[in-house]
Amino acid sequence: DIILKNINNKNVNKIIEQYVQNIALGMYKIACITKPQAICLGGGFVYYKDILFNEFVKEFNKLDVKKTVILIAKLENDAGIIGAVN
């Protein structure tokens with residue numbers, strides 16, 4: 001996997017860090033409007049839990065003072081595949 005092979009590359013880490021910060025900010029802005037009790041994420045965020053999901057939760061929680069619950073989809077990375085089949 002290309003991400004895991006390059007995880008020690010400073011440039012790759014910088015890109016991932018910026019990506020996670022942008023996603024967290026975008027989700028926070030949506031949460032401010034919709035005021036959800038929880039946000040459930042699956043797909044690549046679950047597959048790369050240590051790299052993306054955990055960092056996303058940290059970044060999101062820096063912005064969200066009311067601490068919206070962030071959950072992992074029950075079907076994890078397979079949620080989209082299973083949904084497409086149905």
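Predicted model only: the values in this text are computed from it and were never measured. Residue numbers start at 1 and run along the sequence shown.
Clustering ILVMFWY residues whenever any of their side-chain heavy atoms sit less than 4.5 angstrom apart, transitively, puts V20 in a cluster other than the one holding I15. Residues F53 and I30 fall into different hydrophobic clusters, defined by Ile, Leu, Val, Met, Phe, Trp and Tyr side chains chained together at heavy-atom separations under 4.5 Å.
The nearest pair of heavy atoms linking L25 to L63 is CA-CD1, 3.8 Å. Of all heavy-atom pairs between A31 and F60, the closest is CB-CZ, 4.1 Å. The two atoms that bring I72 and V46 nearest to each other are CG2-CG2, 3.4 Å, heavy atoms only. Here the shortest heavy-atom pairing between C40 and A73 reads SG-CA, 3.4 Å.
Listed by chain and residue number, E55 satisfy the salt bridge (Lys or Arg N to Asp or Glu O under 4.0 Å) test with K58 (two or more places apart in sequence, or in another chain).
A salt bridge (Lys or Arg N to Asp or Glu O under 4.0 Å) check over residues 62-74, counting only residues at least two apart or in different chains, returns the pairs E59-K62.
With side-chain heavy atoms closer than 4.5 Å counting as contact, directly or through intermediates, the hydrophobic cluster containing L71 also holds V69.
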Inset, instruction - Would you check, one step at a time, whether the test side chain to side chain contact (heavy atoms under 4.5 Å, CB included) holds for M27 with T68? - result: CA-CA 11 Å; M27 291 292 283; T68 303; over 6 Å; no
Inset, instruction - Go through the steps to decide whether N13 and E17 satisfy the test side chain to side chain donor-acceptor pair (under 3.5 Å), and finish with yes or no. - result: CA-CA 6 Å; N13 282 327; E17 181 181 330; over 6 Å; no
